[in-house]
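Here the structure is laid out as C-alpha coordinates; the discussion comes afterwards.
Order of the sequence lines sets the chain letters (A, B, ...), proteins ahead of strands, with each chain counted from 1. Keep in mind that this is a model prediction, so the values were computed, not measured.
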Amino acid sequence: MTKNNRDLPGALLAWYNRHARRLPWRAPPGAKPDPYRVWLSEIMLQQTTVVTVGPYFERFVARWPSVQALAASPLEEILTEWAGLGYYARARNLHRAAQMVTDKFDGRFPDDEAGLKSLPGIGDYTAAAIAAIAFDRPAAVLDGNIERVTSRLYAITEPLPGVKPVLRRLVAEITPRQRPGDFAQAMMDLGAMVCQPARPRCLLCPLVRFCEGSAQGIAAELPRKAAKKARPTRHGIAFWITDEQGRVLLRKRPEKGLLGSMTEIPSTDWREDKPSQNAAANAAPLALDWSPLQGRVRHVFTHFSLELEIWSADVEGSAAPEGTFWCRLDDLGNQALPSLMRKIVKHVLTAK
DNA sequence: TAACCGTGGCA
DNA sequence: TTGCCAAGGTT
(Lines give C-alpha, C1' and ligand atoms only; values in the text may rest on other atoms or scores of the structure.)
Protein backbone atom coordinates (compact mmCIF):
# COMPACT_ATOMS: atom_id res chain seq x y z
CA MET A 1 0.00 0.00 0.00
CA THR A 2 1.53 3.21 -1.13
CA LYS A 3 -1.13 5.65 0.01
CA ASN A 4 -2.81 6.36 3.25
CA ASN A 5 -6.33 4.95 3.32
CA ARG A 6 -7.58 8.45 4.02
CA ASP A 7 -7.46 8.91 0.25
CA LEU A 8 -9.41 5.73 -0.49
CA PRO A 9 -13.00 7.05 -0.41
CA GLY A 10 -12.14 9.92 -2.74
CA ALA A 11 -10.44 7.59 -5.20
CA LEU A 12 -13.43 5.24 -5.17
CA LEU A 13 -16.02 8.01 -5.55
CA ALA A 14 -14.08 9.52 -8.46
CA TRP A 15 -14.23 6.11 -10.15
CA TYR A 16 -17.93 5.81 -9.34
CA ASN A 17 -18.66 9.19 -10.94
CA ARG A 18 -17.45 7.73 -14.24
CA HIS A 19 -18.41 4.05 -13.98
CA ALA A 20 -21.59 3.76 -11.90
CA ARG A 21 -24.04 1.26 -13.35
CA ARG A 22 -27.39 2.72 -14.35
CA LEU A 23 -29.91 0.63 -12.46
CA PRO A 24 -33.71 1.06 -12.37
CA TRP A 25 -33.83 1.67 -8.61
CA ARG A 26 -31.06 4.27 -8.53
CA ALA A 27 -32.06 7.93 -8.34
CA PRO A 28 -30.46 10.16 -10.99
CA PRO A 29 -27.34 12.01 -9.78
CA GLY A 30 -28.37 14.80 -7.45
CA ALA A 31 -31.94 13.55 -7.08
CA LYS A 32 -33.33 12.44 -3.74
CA PRO A 33 -33.80 8.66 -3.51
CA ASP A 34 -37.28 7.33 -2.76
CA PRO A 35 -36.96 5.20 0.41
CA TYR A 36 -39.75 2.92 -0.82
CA ARG A 37 -37.87 2.10 -4.03
CA VAL A 38 -34.57 1.73 -2.18
CA TRP A 39 -36.16 -0.65 0.32
CA LEU A 40 -38.00 -2.70 -2.32
CA SER A 41 -34.87 -3.08 -4.43
CA GLU A 42 -32.71 -4.04 -1.46
CA ILE A 43 -35.13 -6.79 -0.41
CA MET A 44 -35.30 -8.14 -3.96
CA LEU A 45 -31.53 -8.01 -4.33
CA GLN A 46 -30.89 -10.19 -1.28
CA GLN A 47 -28.97 -13.17 -2.70
CA THR A 48 -30.38 -12.33 -6.12
CA THR A 49 -28.61 -10.93 -9.18
CA VAL A 50 -29.21 -7.46 -10.60
CA VAL A 51 -30.24 -8.95 -13.96
CA THR A 52 -32.88 -11.16 -12.36
CA VAL A 53 -34.33 -8.41 -10.17
CA GLY A 54 -34.73 -5.82 -12.94
CA PRO A 55 -38.07 -6.92 -14.45
CA TYR A 56 -39.54 -7.84 -11.05
CA PHE A 57 -38.70 -4.39 -9.69
CA GLU A 58 -40.30 -2.67 -12.67
CA ARG A 59 -43.51 -4.71 -12.36
CA PHE A 60 -43.74 -4.09 -8.61
CA VAL A 61 -43.34 -0.30 -8.73
CA ALA A 62 -45.76 -0.09 -11.67
CA ARG A 63 -48.40 -2.08 -9.80
CA TRP A 64 -47.66 -0.75 -6.29
CA PRO A 65 -46.15 2.76 -6.60
CA SER A 66 -46.07 3.40 -2.85
CA VAL A 67 -45.62 1.54 0.41
CA GLN A 68 -49.27 2.30 1.20
CA ALA A 69 -50.40 0.64 -2.02
CA LEU A 70 -48.30 -2.42 -1.23
CA ALA A 71 -49.64 -2.58 2.31
CA ALA A 72 -53.22 -2.51 1.04
CA SER A 73 -52.66 -5.35 -1.43
CA PRO A 74 -53.72 -8.92 -0.64
CA LEU A 75 -50.65 -11.06 0.13
CA GLU A 76 -51.70 -13.54 -2.57
CA GLU A 77 -51.24 -10.92 -5.29
CA ILE A 78 -47.77 -10.05 -3.99
CA LEU A 79 -46.80 -13.73 -3.93
CA THR A 80 -48.06 -14.18 -7.48
CA GLU A 81 -45.95 -11.24 -8.64
CA TRP A 82 -42.96 -12.55 -6.64
CA ALA A 83 -43.26 -16.09 -8.05
CA GLY A 84 -39.98 -17.19 -9.61
CA LEU A 85 -37.82 -14.81 -7.61
CA GLY A 86 -37.24 -17.30 -4.78
CA TYR A 87 -36.81 -16.99 -1.02
CA TYR A 88 -40.54 -16.43 -0.58
CA ALA A 89 -40.28 -15.39 3.07
CA ARG A 90 -39.01 -12.14 1.59
CA ALA A 91 -42.39 -11.50 -0.03
CA ARG A 92 -44.31 -12.33 3.13
CA ASN A 93 -42.02 -10.09 5.18
CA LEU A 94 -42.31 -7.38 2.52
CA HIS A 95 -46.05 -7.28 3.01
CA ARG A 96 -45.78 -7.23 6.81
CA ALA A 97 -43.15 -4.50 6.73
CA ALA A 98 -45.26 -2.37 4.38
CA GLN A 99 -48.16 -2.65 6.80
CA MET A 100 -45.91 -1.70 9.74
CA VAL A 101 -44.57 1.36 7.92
CA THR A 102 -48.10 2.38 6.97
CA ASP A 103 -49.76 1.71 10.31
CA LYS A 104 -47.05 2.18 12.94
CA PHE A 105 -44.62 4.61 11.32
CA ASP A 106 -47.15 7.00 9.78
CA GLY A 107 -46.25 5.99 6.24
CA ARG A 108 -42.58 6.92 6.55
CA PHE A 109 -39.67 4.50 6.68
CA PRO A 110 -37.47 4.75 9.78
CA ASP A 111 -34.39 6.77 8.85
CA ASP A 112 -31.78 5.00 10.98
CA GLU A 113 -30.38 1.49 11.18
CA ALA A 114 -32.07 0.50 14.46
CA GLY A 115 -35.49 1.59 13.24
CA LEU A 116 -35.03 -0.13 9.91
CA LYS A 117 -33.93 -3.36 11.57
CA SER A 118 -37.21 -3.45 13.48
CA LEU A 119 -38.95 -4.20 10.18
CA PRO A 120 -39.26 -7.86 9.12
CA GLY A 121 -36.85 -8.88 6.38
CA ILE A 122 -34.31 -6.16 7.20
CA GLY A 123 -31.08 -7.35 8.81
CA ASP A 124 -27.62 -5.82 9.27
CA TYR A 125 -26.81 -5.39 5.60
CA THR A 126 -30.18 -4.07 4.42
CA ALA A 127 -30.57 -1.65 7.34
CA ALA A 128 -27.14 -0.16 6.67
CA ALA A 129 -27.74 0.01 2.93
CA ILE A 130 -31.09 1.81 3.23
CA ALA A 131 -29.76 4.15 5.93
CA ALA A 132 -26.82 5.10 3.70
CA ILE A 133 -28.53 5.24 0.30
CA ALA A 134 -31.94 6.65 1.21
CA PHE A 135 -31.04 8.72 4.30
CA ASP A 136 -27.42 9.74 3.76
CA ARG A 137 -26.20 8.13 6.97
CA PRO A 138 -22.56 6.92 7.20
CA ALA A 139 -23.53 3.31 7.95
CA ALA A 140 -21.05 0.46 7.48
CA VAL A 141 -22.56 -1.47 4.57
CA LEU A 142 -21.29 -5.04 4.26
CA ASP A 143 -22.63 -7.36 1.57
CA GLY A 144 -20.95 -10.19 -0.34
CA ASN A 145 -19.25 -7.79 -2.75
CA ILE A 146 -17.90 -5.57 0.01
CA GLU A 147 -16.74 -8.61 1.99
CA ARG A 148 -14.67 -9.60 -1.02
CA VAL A 149 -13.33 -6.11 -1.76
CA THR A 150 -12.47 -5.45 1.87
CA SER A 151 -10.87 -8.82 2.57
CA ARG A 152 -8.61 -8.19 -0.44
CA LEU A 153 -7.84 -4.57 0.46
CA TYR A 154 -6.57 -5.66 3.87
CA ALA A 155 -5.36 -9.16 2.91
CA ILE A 156 -7.66 -10.80 5.48
CA THR A 157 -6.95 -14.53 5.35
CA GLU A 158 -9.22 -15.74 8.14
CA PRO A 159 -12.33 -17.46 6.76
CA LEU A 160 -15.89 -16.16 6.49
CA PRO A 161 -18.28 -15.99 8.12
CA GLY A 162 -16.21 -15.82 11.32
CA VAL A 163 -14.19 -12.83 10.20
CA LYS A 164 -17.24 -10.76 9.30
CA PRO A 165 -17.09 -8.49 12.39
CA VAL A 166 -13.50 -7.60 11.51
CA LEU A 167 -14.53 -6.71 7.97
CA ARG A 168 -17.41 -4.58 9.22
CA ARG A 169 -15.01 -2.64 11.46
CA LEU A 170 -12.67 -2.03 8.52
CA VAL A 171 -15.56 -0.88 6.33
CA ALA A 172 -16.67 1.49 9.08
CA GLU A 173 -13.16 3.00 9.11
CA ILE A 174 -13.19 3.84 5.40
CA THR A 175 -16.84 4.89 5.08
CA PRO A 176 -16.90 8.67 4.49
CA ARG A 177 -19.25 11.23 6.04
CA GLN A 178 -19.79 12.66 2.57
CA ARG A 179 -21.81 10.57 0.09
CA PRO A 180 -21.94 7.39 2.21
CA GLY A 181 -24.69 5.97 -0.01
CA ASP A 182 -22.65 6.47 -3.15
CA PHE A 183 -19.64 5.00 -1.36
CA ALA A 184 -21.56 1.82 -0.53
CA GLN A 185 -22.92 1.48 -4.04
CA ALA A 186 -19.47 2.20 -5.46
CA MET A 187 -17.97 -0.61 -3.39
CA MET A 188 -20.67 -2.97 -4.66
CA ASP A 189 -20.22 -1.87 -8.27
CA LEU A 190 -16.47 -2.30 -7.89
CA GLY A 191 -17.00 -5.82 -6.56
CA ALA A 192 -19.36 -6.67 -9.42
CA MET A 193 -17.34 -5.17 -12.28
CA VAL A 194 -13.67 -5.09 -11.22
CA CYS A 195 -12.94 -6.95 -8.00
CA GLN A 196 -14.70 -10.08 -9.25
CA PRO A 197 -14.74 -13.39 -7.36
CA ALA A 198 -12.45 -15.58 -9.47
CA ARG A 199 -10.73 -12.94 -11.56
CA PRO A 200 -9.93 -9.61 -9.92
CA ARG A 201 -9.02 -7.10 -12.62
CA CYS A 202 -6.43 -5.29 -10.57
CA LEU A 203 -5.06 -3.45 -13.62
CA LEU A 204 -8.37 -1.61 -13.91
CA CYS A 205 -8.89 -1.07 -10.20
CA PRO A 206 -8.99 2.48 -8.81
CA LEU A 207 -8.02 1.08 -5.39
CA VAL A 208 -5.05 -1.05 -6.38
CA ARG A 209 -2.60 1.30 -4.71
CA PHE A 210 -4.40 0.74 -1.42
CA CYS A 211 -4.72 -3.04 -1.85
CA GLU A 212 -2.60 -5.30 0.33
CA GLY A 213 -4.11 -8.44 -1.22
CA SER A 214 -3.04 -7.36 -4.69
CA ALA A 215 0.40 -6.38 -3.40
CA GLN A 216 0.82 -9.85 -1.91
CA GLY A 217 -0.52 -11.54 -5.03
CA ILE A 218 -3.29 -13.32 -3.11
CA ALA A 219 -6.30 -11.22 -4.10
CA ALA A 220 -7.86 -13.96 -6.24
CA GLU A 221 -7.76 -16.39 -3.30
CA LEU A 222 -9.74 -14.09 -1.02
CA PRO A 223 -12.04 -14.14 0.77
CA ARG A 224 -11.55 -17.60 2.22
CA LYS A 225 -14.74 -19.37 3.19
CA ALA A 226 -15.68 -22.28 5.42
CA ALA A 227 -16.26 -25.55 3.57
CA LYS A 228 -19.82 -26.17 2.43
CA LYS A 229 -21.96 -29.15 3.26
CA ALA A 230 -22.83 -31.76 0.66
CA ARG A 231 -26.26 -31.41 -0.92
CA PRO A 232 -28.41 -34.56 -0.64
CA THR A 233 -31.01 -35.62 -3.22
CA ARG A 234 -34.62 -36.03 -2.21
CA HIS A 235 -37.33 -37.84 -4.16
CA GLY A 236 -41.07 -37.58 -4.51
CA ILE A 237 -44.06 -38.11 -6.79
CA ALA A 238 -46.26 -35.24 -7.99
CA PHE A 239 -49.87 -35.75 -9.04
CA TRP A 240 -51.13 -34.11 -12.24
CA ILE A 241 -54.91 -34.38 -11.94
CA THR A 242 -57.19 -32.92 -14.61
CA ASP A 243 -60.98 -32.85 -14.81
CA GLU A 244 -63.42 -32.97 -17.73
CA GLN A 245 -63.20 -29.17 -18.06
CA GLY A 246 -59.46 -29.37 -18.56
CA ARG A 247 -58.70 -27.89 -15.15
CA VAL A 248 -55.82 -29.03 -12.98
CA LEU A 249 -55.90 -29.67 -9.23
CA LEU A 250 -53.69 -27.36 -7.17
CA ARG A 251 -52.98 -26.88 -3.49
CA LYS A 252 -51.71 -24.11 -1.25
CA ARG A 253 -48.57 -24.91 0.75
CA PRO A 254 -48.26 -24.26 4.50
CA GLU A 255 -47.69 -20.61 5.42
CA LYS A 256 -44.06 -21.00 6.45
CA GLY A 257 -41.10 -23.16 5.47
CA LEU A 258 -39.98 -24.21 2.01
CA LEU A 259 -42.00 -22.37 -0.69
CA GLY A 260 -44.21 -21.19 2.17
CA SER A 261 -47.65 -19.81 1.23
CA MET A 262 -47.06 -20.58 -2.45
CA THR A 263 -49.25 -22.72 -4.72
CA GLU A 264 -48.16 -26.22 -5.70
CA ILE A 265 -48.97 -29.31 -7.71
CA PRO A 266 -49.96 -31.84 -5.03
CA SER A 267 -47.23 -34.39 -4.27
CA THR A 268 -45.88 -36.83 -1.75
CA ASP A 269 -43.41 -35.59 0.83
CA TRP A 270 -39.89 -35.13 -0.50
CA ARG A 271 -37.53 -37.54 1.24
CA GLU A 272 -34.18 -39.12 0.56
CA ASP A 273 -35.91 -42.50 0.21
CA LYS A 274 -38.17 -42.84 -2.80
CA PRO A 275 -41.82 -43.37 -1.84
CA SER A 276 -43.27 -46.82 -2.46
CA GLN A 277 -46.12 -47.10 -4.98
CA ASN A 278 -48.45 -47.79 -2.10
CA ALA A 279 -47.30 -44.82 -0.03
CA ALA A 280 -47.60 -42.57 -3.08
CA ALA A 281 -51.15 -43.71 -3.84
CA ASN A 282 -52.09 -43.05 -0.22
CA ALA A 283 -50.51 -39.57 -0.31
CA ALA A 284 -52.46 -38.54 -3.40
CA PRO A 285 -55.39 -36.15 -2.87
CA LEU A 286 -57.71 -38.56 -4.73
CA ALA A 287 -57.68 -42.31 -5.34
CA LEU A 288 -57.36 -42.57 -9.13
CA ASP A 289 -56.10 -44.74 -11.97
CA TRP A 290 -52.56 -43.36 -12.28
CA SER A 291 -50.37 -43.21 -15.37
CA PRO A 292 -46.72 -42.47 -14.62
CA LEU A 293 -45.26 -39.99 -17.12
CA GLN A 294 -41.91 -40.42 -18.85
CA GLY A 295 -38.90 -38.71 -17.36
CA ARG A 296 -38.24 -36.82 -14.16
CA VAL A 297 -38.37 -33.20 -13.07
CA ARG A 298 -35.12 -32.14 -11.42
CA HIS A 299 -34.72 -29.02 -9.34
CA VAL A 300 -31.99 -27.68 -7.07
CA PHE A 301 -32.76 -25.92 -3.81
CA THR A 302 -30.20 -24.36 -1.51
CA HIS A 303 -29.80 -27.36 0.74
CA PHE A 304 -31.06 -30.33 -1.31
CA SER A 305 -31.66 -31.47 -4.85
CA LEU A 306 -35.05 -32.81 -5.86
CA GLU A 307 -36.14 -35.46 -8.34
CA LEU A 308 -39.86 -35.73 -8.96
CA GLU A 309 -41.72 -38.43 -10.83
CA ILE A 310 -45.10 -37.34 -12.25
CA TRP A 311 -48.24 -39.43 -12.02
CA SER A 312 -51.15 -38.32 -14.18
CA ALA A 313 -54.86 -39.10 -13.97
CA ASP A 314 -58.20 -37.75 -15.19
CA VAL A 315 -61.24 -37.42 -13.00
CA GLU A 316 -64.83 -36.49 -13.77
CA GLY A 317 -67.14 -34.39 -11.68
CA SER A 318 -65.05 -34.43 -8.57
CA ALA A 319 -65.19 -31.73 -5.94
CA ALA A 320 -61.77 -30.45 -4.95
CA PRO A 321 -60.70 -32.18 -1.73
CA GLU A 322 -60.09 -30.11 1.41
CA GLY A 323 -57.16 -27.74 0.92
CA THR A 324 -57.09 -28.10 -2.88
CA PHE A 325 -58.75 -26.24 -5.75
CA TRP A 326 -59.27 -26.50 -9.49
CA CYS A 327 -57.50 -24.12 -11.82
CA ARG A 328 -57.98 -23.64 -15.56
CA LEU A 329 -54.79 -24.14 -17.52
CA ASP A 330 -55.04 -20.65 -19.00
CA ASP A 331 -55.23 -19.25 -15.47
CA LEU A 332 -51.98 -20.85 -14.28
CA GLY A 333 -50.16 -17.60 -15.02
CA ASN A 334 -52.20 -15.89 -12.31
CA GLN A 335 -51.19 -18.41 -9.66
CA ALA A 336 -48.32 -18.05 -7.19
CA LEU A 337 -46.42 -20.94 -8.76
CA PRO A 338 -42.71 -21.12 -7.91
CA SER A 339 -40.22 -22.14 -10.58
CA LEU A 340 -40.28 -25.80 -9.60
CA MET A 341 -44.03 -25.94 -10.15
CA ARG A 342 -43.80 -24.17 -13.50
CA LYS A 343 -41.15 -26.71 -14.43
CA ILE A 344 -43.62 -29.50 -13.63
CA VAL A 345 -46.34 -27.85 -15.71
CA LYS A 346 -43.99 -27.53 -18.66
CA HIS A 347 -42.87 -31.13 -18.31
CA VAL A 348 -46.44 -32.40 -18.32
CA LEU A 349 -47.62 -30.25 -21.21
CA THR A 350 -44.66 -31.21 -23.40
CA ALA A 351 -44.85 -34.90 -22.48
CA LYS A 352 -48.51 -35.22 -23.35
C1' DT B 1 -24.36 -21.31 15.84
C1' DA B 2 -25.73 -23.52 12.12
C1' DA B 3 -29.51 -24.96 9.52
C1' DC B 4 -32.94 -23.39 6.65
C1' DC B 5 -34.61 -20.81 2.73
C1' DG B 6 -34.88 -20.34 -4.39
C1' DT B 7 -33.27 -19.57 -8.60
C1' DG B 8 -30.55 -19.02 -12.77
C1' DG B 9 -26.16 -18.17 -15.04
C1' DC B 10 -21.61 -19.49 -15.73
C1' DA B 11 -16.86 -21.77 -15.60
C1' DT C 1 -22.17 -32.15 -15.04
C1' DT C 2 -21.05 -30.01 -10.90
C1' DG C 3 -20.01 -26.40 -7.95
C1' DC C 4 -19.97 -21.55 -7.19
C1' DC C 5 -22.08 -17.40 -6.66
C1' DA C 6 -25.56 -13.32 -6.26
C1' DA C 7 -27.03 -5.96 -2.80
C1' DG C 8 -28.89 -12.02 3.33
C1' DG C 9 -32.50 -12.88 7.01
C1' DT C 10 -34.65 -15.78 10.39
C1' DT C 11 -34.78 -19.14 13.89
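- For K228(A), the listed nucleotide lying nearest its side chain is dC5(C); candidates were dG9(C), dC5(C), dA6(C).
- In this structure, the nucleotide among dA6(C), dG9(C), dT7(B) sitting nearest to the side chain of Y125(A) is dG9(C).
- Here H299(A) and F301(A) bring their ring centres to under 6.0 angstrom of each other.
- Phosphate contact (OP1/OP2 of dC5(B), side-chain N/O of H303(A), threshold under 4.0 Å): present.
- Between dA6(C), dG6(B), dT10(C), one nucleotide has an atom nearer to the side chain of N93(A) than all others, and that is dT10(C).
- Taking atom C1' in both dG6(B) and dC5(C), one finds a spacing of 13 Å when rounded to whole Å.
- Distances shown here put a side-chain N or O of S339(A) below 4.0 Å from the OP1 or OP2 atom of dG8(B).
- An OP1 or OP2 oxygen of dT7(B) is reached within less than 4.0 angstrom by a side-chain nitrogen or oxygen of H299(A).
- Between R231(A) atom CZ and dC4(C) atom P the separation is 9 Å, expressed in whole Å.
- Where K256(A) and Q47(A) each meet DNA chain C at their nearest nucleotide, the meeting point lying more 5' is that of Q47(A).
- Straight-line distance from the NZ atom of K346(A) to the P atom of dG8(B): 11 Å, rounded to whole Å.
- dA6(C) atom C1' lies 18 Å from atom CZ of F57(A), rounded to whole Å.
- Between V38(A) and S41(A), the shortest heavy-atom distance links the atoms O-OG, 2.8 Å.
- Using a 4.0 Å heavy-atom distance criterion, L259(A) is classed as a sugar-phosphate-only contact.
- Tested against E307(A) for a salt bridge (charged side-chain N to carboxylate O under 4.0 Å, His left out), the candidates R298(A), R234(A), K343(A) yield a single pass: R298(A).
- Checking the phosphate oxygens (OP1, OP2) of dA6(C), a side-chain nitrogen or oxygen of R148(A) falls inside 4.0 Å.
- Distance CZ/R271(A) to CG/L306(A): 13.0 Å, rounded to 0.5 Å.
- In this model, a donor atom of one side chain and an acceptor atom of the other lie less than 3.5 Å apart for N5(A) and Y154(A).
- Residue-level contact check: V141(A) touches neither bases nor backbone, having no heavy atom under 4.0 Å from any strand.
- Near DNA chain B, defined here as any heavy-atom distance below 4.0 Å, the residues from residues 77-86 of chain A are G84(A), L85(A), G86(A), listed numerically.
- The side chain of A192(A) approaches dA7(C) more closely than any other nucleotide in the set dG6(B), dA7(C), dC4(C).
- Salt bridge annotation for R137(A)-D112(A): absent, with no cationic side-chain nitrogen under 4.0 angstrom from a carboxylate oxygen.
- At the heavy-atom level, T126(A) lies under 4.0 Å from the strands shown only through sugar-phosphate atoms.
- If you check every strand for non-hydrogen atoms under 4.0 Å, T52(A) touches nothing.
- Minimum heavy-atom separation, L337(A) to E264(A): CD2-N, 4.4 Å.
- Picking from dA7(C), dC5(C), dG6(B) the nucleotide with the shortest atom distance to the side chain of D143(A) gives dA7(C).
- Using a 4.0 Å heavy-atom criterion, one finds that R199(A) contacts no nucleic acid atom at all.
- Whole-Å rounding puts the M44(A) CE to dG9(C) P distance at 16 Å.
- At the heavy-atom level, L23(A) lies under 4.0 Å from base atoms of the strands shown.
- Taking the side chain of R26(A) as heavy atoms from C-beta on, and the options dA7(C), dC5(C), dT7(B), the nearest nucleotide is dA7(C).
- A close approach under 4.0 Å does not occur between any side-chain nitrogen or oxygen of K117(A) and OP1 or OP2 of dG9(C).
- Checking G121(A) against M188(A), the closest nucleotide of DNA chain C that is more toward the 5' end is the one next to M188(A).
- Nucleotides dC4(C) and dA3(B) are separated by 16 Å at their P atoms, to the nearest Å.
- The separation between L337(A) atom CG and dG6(B) atom C1' is 15 Å, rounded to whole Å.
- Rounded to whole Å, the separation between the P atoms of dA7(C) and dC4(B) comes to 25 Å.
- Counting heavy-atom neighbours within 6.0 Å of Q216(A) CD, excluding the residue itself, gives a total above 12.
- Proximity of Y87(A) to the phosphate of dA6(C): no side-chain N or O atom is located under 4.0 Å from OP1 or OP2.
- Rounded to a whole Å, the CG atom of L45(A) is 8 Å from the P atom of dG8(C).
- Here R342(A) lies out of heavy-atom contact (under 4.0 Å) with every strand.
- Separating the CH2 atom of W270(A) from the C1' atom of dC4(B) is a distance of 14 Å, rounded to the nearest angstrom.
- The number of heavy-atom neighbours closer than 6.0 Å to CZ of R59(A), taken from other residues, nucleotides and ligands shown, is above 12.
- By the 6.0 Å contact criterion, CG on D289(A) is open, its count of non-hydrogen atoms from other residues, nucleotides or ligands being 12 or less.
- The NZ atom of K229(A) sits 19 Å away from the P atom of dT2(C) (whole-angstrom rounding).
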